[in-house]
Protein chains: 2
Amino acid sequence: MPTIREVAAYASVSAATVSRVMKGEVPVNAETRGRVEAAIAALGYAPNAFARSLASNRMGGVGLVISHLAGPFMGRVMMTLEATLRRANVSLLVASGGGEAGREQEAVDFLLGRRCDGLIVHADALSDAMLATLAATTPLVVFNRRVLEIDAHCIYLDNECGGYLATRHLLDQGHRHIACLTGPLRQQDAAGRLAGYQRALKERGIQVDEQAILEGDFTERSGEQGMAALLARAAPITAVVAGNDDMALGAMTILRARGVAIPQTLSLVGYDNEACARHVMPALTTVHAPLEEMAQEAAERLLKLVAGASLPAPTPFMPTLIERETVGPPLS
Amino acid sequence: MPTIREVAAYASVSAATVSRVMKGEVPVNAETRGRVEAAIAALGYAPNAFARSLASNRMGGVGLVISHLAGPFMGRVMMTLEATLRRANVSLLVASGGGEAGREQEAVDFLLGRRCDGLIVHADALSDAMLATLAATTPLVVFNRRVLEIDAHCIYLDNECGGYLATRHLLDQGHRHIACLTGPLRQQDAAGRLAGYQRALKERGIQVDEQAILEGDFTERSGEQGMAALLARAAPITAVVAGNDDMALGAMTILRARGVAIPQTLSLVGYDNEACARHVMPALTTVHAPLEEMAQEAAERLLKLVAGASLPAPTPFMPTLIERETVGPPLS
DNA sequence: CGCCATCATGAAACCGGTTTCATAAATACA
DNA sequence: TGTATTTATGAAACCGGTTTCATGATGGCG
């Protein structure tokens with residue numbers, strides 16, 4: 001493993017010149033450059049990443065903090081992030097936090113201790129204040145969440161629009177009694193989806209029935225519980241907007257067990273367009289997020305921030321409705 | 001951001017002593033140690049990772065090479081890897097290769113260029129020879145694949161056993177005409193599963209019908225094509241062993257379209273126990289791999305290799321059969 | 001022809017740890 | 001009491017790049 005000085009000696013130049021050739025920016029005589037390049041090739045020289053980092057105080061890598069590594073779409077997000085970053089010759093360090101504030105903070109500290117050049121954070125449990133503080137000292141992109149104080153650092157989906165699209169689709173089919181099974185409302189995405197649901201109803205002059213809104217926690221289990229609770233009510237409903245696909249799946253389990261036909265007796269819309277959504281029976285109508293585009297924008301934005309740019313706030317990404325088989329007109 | 005020399009000055013000792021206190025192993029006078037620790041606390045000192053890496057020639061992190069980051073179970077694997085590694089204060093760098101040999105090699109080179117202390121490789125496209133060579137120069141763990149020359153570096157599932165379990169389950173139900181829709185047979189996992197299928201049949205004295213073995217590529221699409229081809233044959237079959245759950249899902253799509261009842265007319269077994277498997281109708285009987293345990297063993301083994309240990313070959317991990325609803329006795 | 005700007009290059013300092021080696025003090029042993 | 005051994009510590013070299021600053025060579029311009 002040759003060092004820069006060995007290359008320099010081989011090419012009869014100084015280490016400084018080899019360094020300049022490696023960078024490529026500063027002017028070097030063509031003949032000299034040729035000799036150096038030949039030496040590099042002959043010796044199979046590759047610069048030592050540690051020495052480079054120490055001298056330049058940049059690590060050449062960014063960190064990714066993720067609440068739920070095993071979540072349904074992290075793979076798609078990471079895939080695009082990794083590809084975009086590597087194209088820029090930047091490596092990706094991953095740390096997970098399991099959705100607990102303490103462990104997520106640990107993950108951040110861990111990556112910061114590794115002197116990452118920047119951070120992409122996809123975490124629920126960290127506070128807005130903490131993220132805003134972090135953004136002041138480190139290039140930071142917040143994924144799938146909006147923090148008002150640092151809008152320019154946030155890549156997120158317009159969840160309100162997604163909730164609206166789902167609900168309006170049901171309204172368009174003629175439904176008037178639509179329940180909503182939400183995620184944890186302290187989380188922004190869940191709250192946004194609910195707001196969209198409410199806007200769609202109001203827009204059509206339909207009174208929002210607070211009893212028909214049940215808060216869950218995005219798990220299948222809570223979808224089951226919510227659906228069971230809705231069925232136990234006296235008030236009739238003909239459709240349900242679920243907080244995400246997992247909750248919708250839970251709801252379907254209950255409906256199947258009770259012999260409620262989908263979509264004949266009850267229509268259902270999910271959110272996220274997980275892999276499963278296409279495969280269940282009937283196939284789940286759901287809301288799709290352009291995750292790959294979001295991830296690419298996140299990576300590119302972070303790279304610019306690392307390079308010192310200051311950027312305007314991005315526009316939110318827009319969800320689309322995927323129509324499948326769980327929605328139909330109400331019985332009558 | 002104080003340096004070690006500032007801490008040293010504050011505590012009226014030399015940088016060497018501070019370094020020793022940080023490490024904790026070498027003997028330092030209790031009183032001196034106390035002063036140094038106080039200085040560290042007072043100044044909020046944290047050692048510079050680059051300088052440390054440069055001097056010690058260890059980066060304190062390992063690389064993960066993954067063919068398909070968005071695959072159905074990478075999340076579960078990464079989650080356990082990350083947690084195990086971080087407990088040892090080792091960071092995880094991720095690089096993907098999209099299943100192409102060239103890009104996977106690039107990913108390896110990229111991580112090696114970053115001077116990772118070791119590598120976990122979960123890749124189909126890299127050759128056995130390449131991996132064996134790599135293992136000679138770098139601490140390496142190969143995940144979900146067996147390379148005979150470097151058995152001690154491989155963490156893998158006994159796929160032969162998985163194929164056997166799936167097939168024997170069908171045999172136990174009374175099936176005698178069982179087809180097999182395999183993955184790409186140049187891949188070890190697909191070939192292993194097929195071998196298990198064949199062993200189970202032979203064990204019961206059933207002639208293996210080569211016409212009933214169709215090679216696919218683990219995609220849903222190839223499951224559809226395979227199933228269609230099987231239905232087009234004259235020879236009757238009452239059950240199918242699929243190479244993985246995706247192929248089983250594809251097969252189900254075709255069967256549903258043709259009005260073939262599962263499991264009344266045809267039984268079906270998948271492989272991998274993806275999230276979907278529980279949710280499809282009927283719920284898919286499949287083979288489950290203990291991914292978390294495998295990932296933990298992989299991480300721990302790599303850490304030991306990095307530390308310089310030389311280890312005996314691990315025992316293969318054993319799959320289990322998850323019985324759900326796609327298998328029943330044959331009609332007649 | 002002489003002066004100043006430009007270009008190409010090398011020497012050396014620097015980044016901030018780790019590690020070796022030497023030394024000084026303390027203890028053990030005869 | 002004198003020598004051998006252990007223990008604690010500091011000085012300085014070292015890891016391998018980057019970057020600043022100085023110097024020498026070239027060339028343009030009045």
Side-chain angles (χ1 to χ4, degrees), chain A residues 1-40 43-61 89 91 112-117 306-308, chain B residues 1-40 43-61 89 91 112-117 306-308:
Chain A
M1 195 115 296
T3 71
I4 199 171
R5 283 171 235 270
E6 293 174 295
V7 175
Y10 189 98
S12 313
V13 296
S14 72
T17 300
V18 178
S19 179
R20 290 191 257 263
V21 170
M22 292 297 297
K23 260 223 293 262
E25 291 307 315
V26 269
V28 177
N29 181 289
E31 193 268 338
T32 312
R33 152 168 289 123
R35 274 216 321 285
V36 172
E37 280 166 351
I40 288 173
L43 270 46
Y45 169 72
N48 181 307
F50 305 146
R52 176 175 278 185
S53 292
L54 177 59
S56 61
N57 202 32
R58 319 174 108 239
M59 111 137 188
N89 211 33
S91 56
L112 250 27
R114 285 288 195 267
R115 298 267 204 298
C116 285
D117 296 333
V306 167
Chain B
M1 196 115 296
T3 72
I4 199 171
R5 283 172 236 271
E6 293 175 295
V7 175
Y10 189 98
S12 312
V13 296
S14 73
T17 300
V18 178
S19 179
R20 289 191 258 263
V21 170
M22 293 296 298
K23 260 221 294 259
E25 292 307 315
V26 269
V28 178
N29 180 290
E31 193 270 336
T32 313
R33 153 168 288 121
R35 274 214 323 284
V36 172
E37 279 166 352
I40 288 173
L43 270 48
Y45 168 71
N48 181 308
F50 305 146
R52 177 175 279 185
S53 292
L54 177 58
S56 62
N57 202 33
R58 313 173 111 241
M59 114 136 186
N89 211 30
S91 56
L112 250 27
R114 285 288 195 269
R115 298 271 204 295
C116 285
D117 296 332
V306 167

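Just so it is clear: chains get the letters A, B, ... in the order the sequence lines come, proteins before strands, and each one is counted from 1.
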Asker: Quick one: does B:Arg52 reach the base of C:dG16 with a side-chain donor-acceptor pair under 3.5 Å?
Answerer: no
Asker: Once you round to the nearest 0.5 Å, how far does CZ of A:Arg52 lie from CG of A:Asn57?
Answerer: 14.5 Å
Asker: Just verifying a value: how many Å separate B:Ser53 OG and B:Asp117 CG, rounded to the nearest 0.5 Å?
Answerer: 7.5 Å
Asker: To the nearest Å, how far apart are B:Leu43 CG and C:dG17 P?
Answerer: 12 Å
Asker: To the nearest angstrom, how far is B:Asn57 atom CG from C:dT19 atom C1'?
Answerer: 13 Å
Asker: Output the distance between atom CZ (B:Phe50) and atom CG (B:Asn48), rounded to the nearest 0.5 Å.
Answerer: 6.5 Å
Asker: In this structure, how many angstroms lie between the P atom of D:dC15 and the CE atom of A:Met1, rounded?
Answerer: 15 Å
Asker: Among the candidates D:dG17, C:dG16, D:dT19, find the nucleotide nearest to the side-chain atoms of A:Ala16.
Answerer: D:dT19
Asker: Describe the nucleic acid contact of B:Ser19 in one word from base, sugar-phosphate, nothing, applying a heavy-atom distance below 4.0 Å.
Answerer: base
Asker: Using OP1 and OP2 only, check whether a side-chain N or O of A:Lys23 sits under 4.0 Å from D:dT19.
Answerer: yes
Asker: Would you kindly give the CD1-to-C1' distance between A:Ile4 and D:dG16, to the nearest whole Å?
Answerer: 8 Å
Asker: Answer yes or no: is there a donor N or O on one side and an acceptor on the other, between the side chain of A:Arg114 and the main chain of A:Met59, under 3.5 Å?
Answerer: no
Asker: What's the CD-C1' distance between A:Glu6 and D:dG16, to the nearest Å?
Answerer: 10 Å
Asker: Listing time: all N or O pairs from protein to nucleotides 6-9 of chain D that are below 3.5 Å?
Answerer:
unit_1, atom_1, unit_2, atom_2, d
D:dT9, OP1, B:Thr32, OG1, 2.2
D:dT9, OP2, B:Asn29, N, 2.9

Asker: Do B:Val306 and B:Arg58 have side chains that get closer than 4.5 Å, going by heavy atoms?
Answerer: yes
Asker: Taking the side chain as every heavy atom from C-beta outward, state whether B:Arg20 and B:Val36 have any atom pair closer than 4.5 Å.
Answerer: no
Asker: Using heavy atoms to find the nearest nucleotide of DNA chain D for B:Ala51 and B:Ala15 separately, return the residue whose nucleotide is more 5′.
Answerer: B:Ala15
Asker: Take the protein atom CZ of B:Arg5 and the nucleotide atom P of C:dC14, then report the distance between them rounded to whole Å.
Answerer: 12 Å
Asker: Do you know which two heavy atoms are closest between B:Ala39 and B:Tyr10, and how far apart they sit?
Answerer: CB-CD2, 3.4 Å
Asker: Taking CG from A:Leu54 and C1' from D:dG16, how many angstroms apart are they, rounded to a whole number?
Answerer: 9 Å
Asker: To the nearest Å, how far apart are B:Asn48 CG and C:dT18 C1'?
Answerer: 13 Å
